[in-house]
Protein chains: 2
Amino acid sequence: MPSIVSAKIEEELRDGPEVSPELDALMRNARDASDFLKALSHESRLLLLCLLAEGERSVTELENILSLRQASVSQQLARLRLEELVTTRRDGKAIYYSLANDDVRRIISVIYDIFCGRDQKA
Amino acid sequence: MPSIVSAKIEEELRDGPEVSPELDALMRNARDASDFLKALSHESRLLLLCLLAEGERSVTELENILSLRQASVSQQLARLRLEELVTTRRDGKAIYYSLANDDVRRIISVIYDIFCGRDQKA
DNA sequence: TTGATATATAATCGTATTCGAATATGAATT
DNA sequence: AATTCATATTCGAATACGATTATATATCAA
């Protein structure tokens with residue numbers, strides 16, 4: 001992570017409360033990023049995304065695998081759709097979900113690595 | 001990300017609603033991970049962590065840089081402490097915060113890369 | 001067209017989060 | 001010990017979120 005802000009921040013501290021363009025940009029990004037992360041920060045949604053990281057799944061499959069109610073799964077998927085973390089494909093009655101892009105894949109991969117990798121504590 | 005669950009999941013789908021040990025473990029991890037991510041998923045907290053990724057900072061420095069109120073910064077830092085994403089060091093009156101471990105650093109780095117890297121849209 | 005299956009949406013309700021204002025603590029200085 | 005500076009905590013109001021139940025839509029088969 002390049003230290004983009006640091007240099008400017010010393011000015012910032014001297015010059016008072018004006019916000020530098022750099023910080024302003026960082027703040028806008030922080031909003032986007034926190035929206036994205038909020039969509040991710042839910043037990044069921046993480047599980048859904050982990051499963052989808054292995055390949056596409058229909059809603060019914062997801063329900064069965066995770067033993068969750070239909071409405072619940074559908075709602076969480078709707079949230080993920082809203083934030084564009086997943087995409088859908090209809091095949092007959094079924095709708096198949098998969099991860100929307102590589103950004104999602106990267107994040108899920110890091111999270112999986114940290115929380116499911118190596119020495120499990122339980 | 002190794003496909004740990006997939007193999008077992010086919011059984012899962014056949015055998016009905018019993019939850020396999022693999023899925024059970026995954027679910028526990030998902031809870032931990034979502035707690036961790038919730039602590040992260042907040043505009044100010046992300047900004048704080050981004051700054052701390054560049055090195056330790058006192059609370060006052062953080063307040064000034066981000067133009068946030070004292071109570072607000074302190075509250076968000078408390079949240080980050082609670083989830084053990086940051087550590088503190090006292091030097092006289094000031095308390096210096098820094099990132100608690102490499103897991104945090106990794107996540108922040110990926111997020112920074114996705115949302116602050118390359119082609120900025122604004 | 002009717003019925004069945006797959007998925008989505010809406011309404012409700014309890015719970016959790018957030019922000020601001022006020023207050024409290026703790027360390028240094030006088 | 002009183003004051004000041006740095007930081008933390010508490011409280012209340014506003015809002016957001018999640019689980020449940022019920023209902024709606026879409027597709028297919030008969």
Side-chain angles (χ1 to χ4, degrees), chain A residues 13 16-17 27 30-49 51-52 56-98 100, chain B residues 13 16-17 27 30-49 51-52 56-98 100:
Chain A
L13 288 169
M27 285 175 181
R31 181 155 330 148
D32 292 346
S34 70
D35 287 343
F36 177 85
L37 288 171
K38 277 176 192 166
L40 222 61
S41 305
H42 184 277
E43 195 177 339
S44 305
R45 290 198 291 271
L46 274 180
L47 287 169
L48 290 169
L49 292 170
L51 290 180
L52 295 180
E56 67 172 11
R57 292 278 184 188
S58 74
V59 179
T60 306
E61 285 174 334
L62 295 170
E63 286 170 35
N64 291 334
I65 295 172
L66 299 177
S67 304
L68 294 174
R69 314 234 168 148
Q70 185 270 320
S72 180
V73 171
S74 193
Q75 268 181 146
Q76 309 303 346
L77 288 173
R79 182 85 161 73
L80 294 175
R81 252 185 292 132
L82 190 71
E83 210 68 42
E84 300 184 314
L85 275 68
V86 296
T87 54
T88 61
R89 168 180 81 82
R90 179 182 276 278
D91 180 13
K93 296 179 213 166
I95 294 188
Y96 288 86
Y97 278 78
S98 40
Chain B
L13 288 169
M27 285 175 181
R31 182 157 328 151
D32 292 346
S34 69
D35 286 344
F36 177 85
L37 288 171
K38 277 177 193 165
L40 223 61
S41 305
H42 183 279
E43 194 177 339
S44 306
R45 290 197 292 270
L46 274 180
L47 287 169
L48 290 169
L49 292 170
L51 290 181
L52 295 180
E56 70 171 9
R57 291 278 184 189
S58 73
V59 179
T60 307
E61 285 174 334
L62 295 170
E63 286 171 35
N64 292 334
I65 295 172
L66 299 177
S67 305
L68 293 175
R69 315 234 168 145
Q70 185 271 319
S72 177
V73 171
S74 193
Q75 266 181 121
Q76 308 305 345
L77 288 173
R79 181 83 163 75
L80 294 175
R81 253 183 292 132
L82 189 71
E83 210 67 43
E84 300 184 312
L85 275 69
V86 295
T87 54
T88 61
R89 168 180 82 80
R90 179 183 275 277
D91 179 12
K93 294 180 211 165
I95 294 186
Y96 288 87
Y97 279 78
S98 40

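Every chain is numbered from 1 and lettered A, B, ... according to where its sequence line falls, protein lines coming before strand lines.
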Describe the nucleic acid contact of A/Y96 in one word from base, sugar-phosphate, nothing, applying a heavy-atom distance below 4.0 Å.
nothing
B/E84 atom CD, over 12 foreign heavy atoms within 6.0 Å:
no
Is there a donor-acceptor pair closer than 3.5 Å between any side-chain N or O of A/R90 and the backbone N or O of A/G92?
yes
Taking atom P of D/dA6 as reference, at what distance in whole Å does atom CG of B/D91 sit?
13 Å
Rounded to the nearest 0.5 angstrom, the OG1-OH distance for B/T87 and B/Y96 is 14.0 Å
So with a 6.0 Å cut-off around CZ of B/R89, is the heavy-atom count from everything else above 12?
yes
Student check: side-chain heavy atoms of A/I65 and A/R57 closer than 4.5 Å
yes
Side chains of A/L46 and B/L37, heavy atoms from C-beta outward: is any pair under 4.5 Å?
yes
Could you grab the distance from atom CG of B/L52 to atom CG of B/L62, nearest 0.5 Å is fine?
5.5 Å
What one-letter contact string describes nucleotides 14-26 of chain D from 5' to 3', where B marks a base within less than 4.0 Å of any protein heavy atom, S marks contact via sugar-phosphate atoms alone, and - marks no contact?
---SSBBBB----
Main chain of A/K38, side chain of A/R45: is a donor-acceptor contact present, judged purely on distance under 3.5 Å?
yes
Would you kindly give the CG-to-C1' distance between B/L82 and D/dT9, to the nearest whole Å?
13 Å
5' to 3' on DNA chain C, which nucleotides open and close the contacts with chain B (atom under 4.0 Å from a heavy atom)?
C/dT18 to C/dA28
